[in-house]
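Here is the structure we will look at, set down as structure tokens.
By convention here, the first residue in the shown sequence is residue 1. Read the numbers this way: they start at 1 and go in the same order the structure lists the ligands and their atoms.
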Amino acid sequence: MTEPALDFVIAALEKIRESSDHSPRASRTMLRRLQLADFVAVSPPASAELRKGGRQTSASPSGPRLQGASNKAKLLEPIRECVCACKKCAHLASSRTQTVFGVGNPDADLMFIGEARGVDEDQQGEPFGGRAGQLLTKIIKAMNVARGDVYIANVLKCRPDTPSGTFGNRPPTPVEMQTCRPYLVEQIEIIQPKVLVALGAVAVEGLLGMRGTMRELRGRWHAYNGIPLMITYHPAYLLRNQAPSEKRKVWEDMLQVLERLEQPITQRQRNYFL
Ligand code: SF4
């Protein structure tokens with residue numbers, strides 16, 4: 001960032017501090033953005049508001065934005081490094097093979113969120129790498145989107161441990177999700193997808209901090225920090241329940257996602273059953 005621009009930001013923050021009971025807050029991601037040399041303010045209205053001494057209480061879609069996908073990859077990298085070294089949950093850090101940060105295009109319009117890695121991902125180091133992942137890939141392909149063009153991340157970056165000698169997966173606890181959530185929050189803040197899809201009730205709890213049955217939650221639009229959020233079943237649920245009616249529900253949720261992304265939908269896609 002150029003020095004005059006940095007001075008401008010500092011002056012604006014000081015003005016906010018003087019005219020408010022609260023100190024201005026900036027997330028780590030926002031501070032990193034300010035440090036990037038090619039970060040530019042592209043919204044005259046927001047800048048004009050600051051120049052007038054107006055209070056900017058929250059990041060707005062019309063505020064400064066990153067230019068270029070490579071910047072997003074650069075911003076994600078230090079968070080990935082933090083996750084790799086993270087030991088905030090000592091029991092998970094000691095039992096994991098590796099952390100699973102996220103995979104895909106940092107400039108994606110569509111971001112999927114799962115709950116936590118399972119035994120397959122623990123070995124592979126990628127979210128959704130096992131049978132559930134294969135089904136997710138099939139769903140994404142049916143949407144006429146390449147898996148590499150979306151971004152996929154879990155709420156929990158470590159595999160939830162299971163008692164020694166036992167096999168299988170367990171859902172993350174609320175405390176584990178709350179501890180790990182800031183990493184996901186930063187990923188979303190950087191990627192800024194046009195649409196989020198939460199896969200399963202546990203992912204919803206990790207992201208929104210609210211519990212509900214999938215019957216109540218899925219199939220309609222919610223929002224996370226102003227980003228449209230579709231909630232649908234986790235692919236693992238479809239592996240356990242192969243009823244065409246359940247698969248169709250997920251597909252109908254994905255059709256809504258395509259519409260929200262203003263993607264063309266063929267008649268074949270409309271009639272499709274997973
Ligand atoms: S689950 Fe998240 S917060 Fe806990 S140790 Fe792993 S990376 Fe850190």
Next item on the list: Using modelled atom types only, decide if a donor and an acceptor are shared between the side chain of Arg181 and the backbone of Leu207 within a distance under 3.5 Å.
Entry: yes
Checklist line | Heavy-atom pair of closest approach, residues Cys84 and Thr99 | finding: CA-OG1, 3.6 Å
Next item on the list: Compare every heavy atom of Phe101 with every heavy atom of Tyr151, then report the nearest pair and how far apart it is.
Entry: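 In this case the closest contact between Tyr151 and Phe101 is OH-CE2, 3.6 Å.
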Notebook entry, point to check: Taking the six-membered ring where the residue is Trp, are the ring centres of Phe112 and His234 under 6.0 Å apart?
Noted result: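 No, they do not, as the ring centres are separated by 6.0 Å or more.
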Check: With a cut-off of 2.8 Å, which protein N/O/S atoms are close to atom 6 (Fe) of ligand 1, if we only count those under it?
Finding: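 Protein N/O/S atoms under 2.8 Å of atom 6 (Fe) of ligand 1: Cys158 SG.
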Notebook entry, point to check: Any chance CD of Gln178 has more than 12 other-residue heavy atoms, nucleotides or ligands included, within less than 6.0 Å?
Noted result: no
Item checked: Listed once per pair and sorted, the side chain to side chain donor-acceptor pair (under 3.5 Å) pairs that draw on residues 224-233, sequence neighbours left out -> Thr232-Asp253
